[in-house]
Amino acid sequence: MKMRFLDVRNQLRDVTMFSLLDLRKIESGFDRRRLVEWQKKGYIKKIIRNFYVFSDQEITEPALFVIANTVYSHSYISFEMALTHYQLIPESVYGITSATTKKTTMLKTPLGDFIYRSLKPELFFGYIPIPFQNQRYLIAEPEKALLDFFYLNPTLLNDEDFAGLRINQDEFSAKINQEKLEKYLSVFDSPTLKKRVLKFIEFIRHADI
C-alpha cells in the first residue's frame, strides 16, 4: 500500500528540501509520477530536477542557504549574499551567491536565482558550517566573503569604486579580523589583489561614508 502525502509530509517535516531519493528511503517503490500529481495539487514545488519543497513550508534565509549548498554541491555562500548576511553591505542583493570549484552557473528556480561563481580549488576555504534544524549550510567567514568578492571583481580599483559598495564601517570594524584577512589574502598569492584590498581597508578607515 502506497503512503499518503500526509504521511510523507510528517516523516519529512524537519527537512528543508527533499529529493526522489529521500522519498524512496521512506517507500522503496515510490513512483516519481506521484511528484507530478502532488505538484498539480499544489502540495509541493519543484526547485530544479529531482529537488522539491513542500508548498506550506516557510522559506527563510537559512533555508535558502541550505538549498543553495545542496542543489549545486561543493559550494558555500559567499560574495554579495554573505556580505549582506553579515550586514557589511545594504540588503539589495540579486540572487543567492555562492562560491564553487565547479563551473560558473546560475540556476533559475521558483524560489529565486542561485548564482555560483567558480574559484580555483586552492581558494576553496574560509567557510564555516552553520546548523539549521537538523541540517547545516556552509557560508564564508566575513573576511573570506570580502576577499572572494574583490577577487572576482577586479574593476574595484579606487575610492569611487569603494564608496559605491556602501560598506557599513561599524560592522566592518566589528566583524573583520585584520589578522585573519591578511592571512587569507596571502593564500590568494596575488600582489594585485593584495594592493587593491589594502587600499580598500585604508579607504574604509578614513572615509566619511
From CA spacing to verdict: ring pair (Phe, Tyr, Trp, His ring centres under 6.0 Å), F188, Y151: CA-CA 9 Å; F188 281 80; Y151 179 69; 5.2 Å; yes
Distance-only polar pair, side chains of D22 and S19, donor-acceptor under 3.5 Å: yes
Pairwise distance CE(M17) to OG1(T70) - rounded to 0.5 angstrom: 5.5 Å
Gap between atom OG1 of T109 and atom NZ of K45 - 0.5 Å precision: 10.0 Å
Validation row: K175, Q87 side chains within 4.5 angstrom (heavy atoms): yes
Beyond-backbone contact of I167 with I89, side-chain heavy atoms, under 4.5 angstrom: yes
Shortest non-hydrogen contact between L165 and P90, atoms and distance: O-CD, 4.0 Å
Considering all heavy atoms, the nearest Q11-I26 contact: NE2-CG2, 3.7 Å
Check: F30 ring centre within less than 6.0 Å of W38 ring centre: yes
Pairs where residues 50-78 contributes a residue and the test salt bridge (Lys or Arg N to Asp or Glu O under 4.0 Å) is met, not counting sequence neighbours: R9-D56
More than 12 heavy atoms from other groups under 6.0 Å of NZ on K194: no
Enclosure of K183 NZ (heavy-atom neighbours >12, cutoff 6.0 Å): no
F200 ring center near F150 ring center (under 6.0 Å): yes
Where P142 and L88 come nearest, the two heavy atoms and their spacing: CB-CD1, 4.4 Å
Whether Y116 side chain and A68 backbone form a donor-acceptor pair below 3.5 Å: yes
Side-chain heavy atoms of F54 within contact of L12, under 4.5 Å: yes
Residues which pass side-chain hydrogen bond (donor to acceptor under 3.5 Å, both in side chains) with D148, listed by chain and number, not counting sequence neighbours: Y76, S78, K144
Heavy-atom check, side chain of Q133 versus side chain of V66, under 4.5 Å: no
Rounded distance (nearest 0.5 Å) linking atom CD of Q39 with atom CD1 of I44: 5.0 Å
Donor-acceptor contact below 3.5 Å, side chain Q169 vs main chain I204: yes
Evaluation steps, side-chain contact (heavy atoms from CB on, under 4.5 Å), between Y86 and I139: CA-CA 11 Å; Y86 292 122; I139 185 169; 3.9 Å; yes
Cluster check L185, V187: I/L/V/M/F/W/Y, side chain < 4.5 angstrom: yes
Worked verdict on F5 versus K41 for side-chain contact (heavy atoms from CB on, under 4.5 Å): CA-CA 11 Å; F5 170 77; K41 290 182 176 180; over 6 Å; no
Main-chain N/O of P121 paired to T101 side chain as donor or acceptor, under 3.5 Å: no
Backbone N/O of D7 and side chain of N10: donor-acceptor pair under 3.5 Å: no
Close side-chain approach of E202 to R205, heavy-atom, < 4.5 Å: yes
Shared hydrophobic cluster for L20 and V36 (ILVMFWY, side-chain gaps under 4.5 Å): no
Nearest-0.5 Å distance, CD1 of residue I77 to OH of residue Y137: 8.5 Å
Shared hydrophobic cluster, L198 / L157 (ILVMFWY, side-chain heavy atoms < 4.5 Å): no
Test item: Q135 side-chain N/O and V15 main-chain N/O as donor-acceptor pair under 3.5 Å: no
Path from F125 to L147 over hydrophobic side-chain contacts below 4.5 Å: yes
F114-Y72 aromatic ring centre distance below 6.0 Å: no
Heavy-atom donor-acceptor pair, S55 side chain to Y43 backbone, under 3.5 Å: yes
Expected output: side-chain N177 to main-chain E179 donor-acceptor under 3.5 Å: yes
Atom of Q57, atom of T16 and distance for their closest heavy-atom approach: NE2-O, 2.7 Å
Contact check, side chains of N50 and R32, non-hydrogen atoms, under 4.5 Å: yes
Side chain N69, main chain L138, donor-acceptor under 3.5 Å: yes
Transitive ILVMFWY side-chain link L21 to I47, under 4.5 Å: no
Donor-acceptor under 3.5 Å (N153 side chain, L156 main chain): no
Nearest-0.5 Å distance, CG of residue D14 to CG of residue N134: 5.5 Å
I67 side chain near F51 side chain, heavy-atom distance below 4.5 Å: no
For L119 against L152, the heavy-atom pair lying closest together: CD2-CD1, 4.0 Å
Closest contact, heavy atoms only, E143 versus L181: O-CD1, 3.7 Å
4.5 Å side-chain heavy-atom contact, I201 and Q178: yes
Pairwise distance CG(D113) to OH(Y94) - rounded to 0.5 angstrom: 3.5 Å
Within 6.0 Å of CD in E122, more than 12 heavy atoms from elsewhere: yes
